[in-house]
Number of protein chains: 2
Amino acid sequence: MTVRETLQRAGIQPTRIRLALAEYLFDGTDKHVTVQQALDILRERRMLPSLASLYNTFNEFCRVGLIRKVTLDGGAAWFDTNMAPHYHLYHEDEGRLEDIPLDALKITGRPQLPRGASVRRIDIVIRVGRD
Amino acid sequence: MTVRETLQRAGIQPTRIRLALAEYLFDGTDKHVTVQQALDILRERRMLPSLASLYNTFNEFCRVGLIRKVTLDGGAAWFDTNMAPHYHLYHEDEGRLEDIPLDALKITGRPQLPRGASVRRIDIVIRVGRD
DNA sequence: GTACGTGCAAACGTTTTGCAGCGGG
DNA sequence: CCCGCTGCAAAACGTTTGCACGTAC
């Protein structure tokens, strides 16, 4: 499926910036990027989107379920192209985020939930660093 | 142990703002508060610290290991008075954070770590909401 | 022509910082 | 007396928004 088709199926127009960002994000390898990193990459590719438009584009991709946002610390948000349920490994020294497949961790036990409430999501970040 | 002693043992001077914040935070019940919430509470108690000083105080408490910072979404950071290893339950509807005791969840399996790297921390947030 | 994508600048919420002044050991 | 806490203001940072312009269908 072409990137253009991906956008169309998601119900958003395949405009220049969206195509350029999608071509980078959906090149076959899972990615974790910040808006700033993506801006730098698009600039190398002679696209010169404004920061605001890039934020809009990322948010739009999130809204239609093409990517998801990962918030780590106070800093910039990460966007993750892997939409399958999974967890994260964060390399503190490198400031790099990596996927942990769902089946690599097993969580047993459930905390007491208030009645009428249900689990929306389970976020797990394993933070590692050099010894 | 008095709050004053707690601060002294942590190696920081028990000044007015620090005492007032510590008296609130360490009253015996575990707490999760944002800086803004703490400011409101201290104001009710006739303390009128500046926002900047309150940030400094929270950061100082973090630095000496009296509390720890929990970052959830892009918004304001939470400070947690429970220093024992544990996980978190986040009530999305109420915007409220709650502790999950360490033994309520069991995690088995370890992701592949790069050699020479070790786990610094495991952050787990279970997000719940009304059905 | 209309709807919407885009760029720019400004506003926003949170947090940090620089600096002058005050106050406690 | 001196170190360092405090307050204020400004700036920094990531992000969002308002608005005018452009562009594609």
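Per chain, numbering begins at 1; letters A, B, ... match sequence-line order. Keep in mind that the numbers below use all heavy atoms, side chains included, and drop hydrogens, waters and symmetry copies.
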Which sits closer to the 5' end of DNA chain C, B/Ala76 or B/Gln13, going by the nucleotide each is nearest to?
-> B/Ala76

In whole angstroms, how far is the P atom of D/dA24 from the CD1 atom of A/Ile12?
-> 18 Å

Check whether the side chains of A/Glu98 and A/His91 place a donor and an acceptor atom closer than 3.5 Å, and report yes or no.
-> yes

DNA chain D contacts made by residues 55-64 of chain A, counting heavy atoms under 4.0 Å = A/Tyr55, A/Asn56, A/Asn59

Salt bridge (charged side-chain N to carboxylate O under 4.0 Å, His left out) partners for A/Arg63, two or more places apart = A/Glu60

Sequence-distant partners of B/Arg121, salt bridge (charged side-chain N to carboxylate O under 4.0 Å, His left out), two or more places apart = B/Asp123

Side-chain donor-acceptor distances from residues 46-54 of chain B under 3.5 Å, at least two apart:
{"residue": "B/Arg46", "atom": "NE", "partner": "B/Glu44", "partner atom": "O", "Å": "3.4"}
{"residue": "B/Ser50", "atom": "OG", "partner": "B/Ser53", "partner atom": "N", "Å": "3.1"}
{"residue": "B/Ser50", "atom": "OG", "partner": "B/Ser53", "partner atom": "OG", "Å": "3.0"}

For B/Pro14 and B/Lys69, take the nucleotide of DNA chain C holding the closest heavy atom to each; which residue's nucleotide lies nearer the 5' end?
-> B/Lys69

Looking at residues at least two apart in the chain, or sitting in another chain, which of them share a salt bridge (charged side-chain N to carboxylate O under 4.0 Å, His left out) with A/Arg120?
-> B/Glu92

Let me have the donor-acceptor pairs involving side chains of residues 34-42 of chain A, under 3.5 Å, with sequence neighbours excluded, atom names and distances please.
{"residue": "A/Thr34", "atom": "OG1", "partner": "A/Gln37", "partner atom": "N", "Å": "3.1"}
{"residue": "A/Gln37", "atom": "OE1", "partner": "A/Thr34", "partner atom": "N", "Å": "3.1"}

D/dT23 phosphate, OP1 or OP2, under 4.0 Å from A/Thr15 side-chain N/O | no

Here the residues of residues 18-26 of chain A within 4.0 Å heavy-atom distance, strictly under, of DNA chain C are A/Arg18

For A/Met1, the rest of its hydrophobic cluster, which grows through side-chain links under 4.5 angstrom | none

First-last contacting nucleotides on DNA chain C - partner chain A, under 4.0 angstrom, heavy atom = C/dC4 to C/dA9

Heavy-atom check, side chain of A/Tyr87 versus side chain of A/Val125, under 4.5 Å = no

Cluster companions of A/Met83 among Ile, Leu, Val, Met, Phe, Trp, Tyr (side-chain spacing under 4.5 Å) | none

Main-chain N/O of A/Pro101 paired to A/Asp99 side chain as donor or acceptor, under 3.5 Å = no

Salt bridge or not for A/Asp73 and A/Arg127, using N-O below 4.0 Å?
-> yes

For A/Asp131, what residues pass the salt bridge (charged side-chain N to carboxylate O under 4.0 Å, His left out) criterion, not counting sequence neighbours?
-> none

Parallel, tilted or perpendicular: which describes the rings of A/Phe58 and A/Phe79, with under 30° parallel and over 60° perpendicular?
-> parallel

Of the residues in residues 36-54 of chain B, which ones touch DNA chain C at a heavy-atom distance under 4.0 Å?
-> B/Leu51, B/Ala52

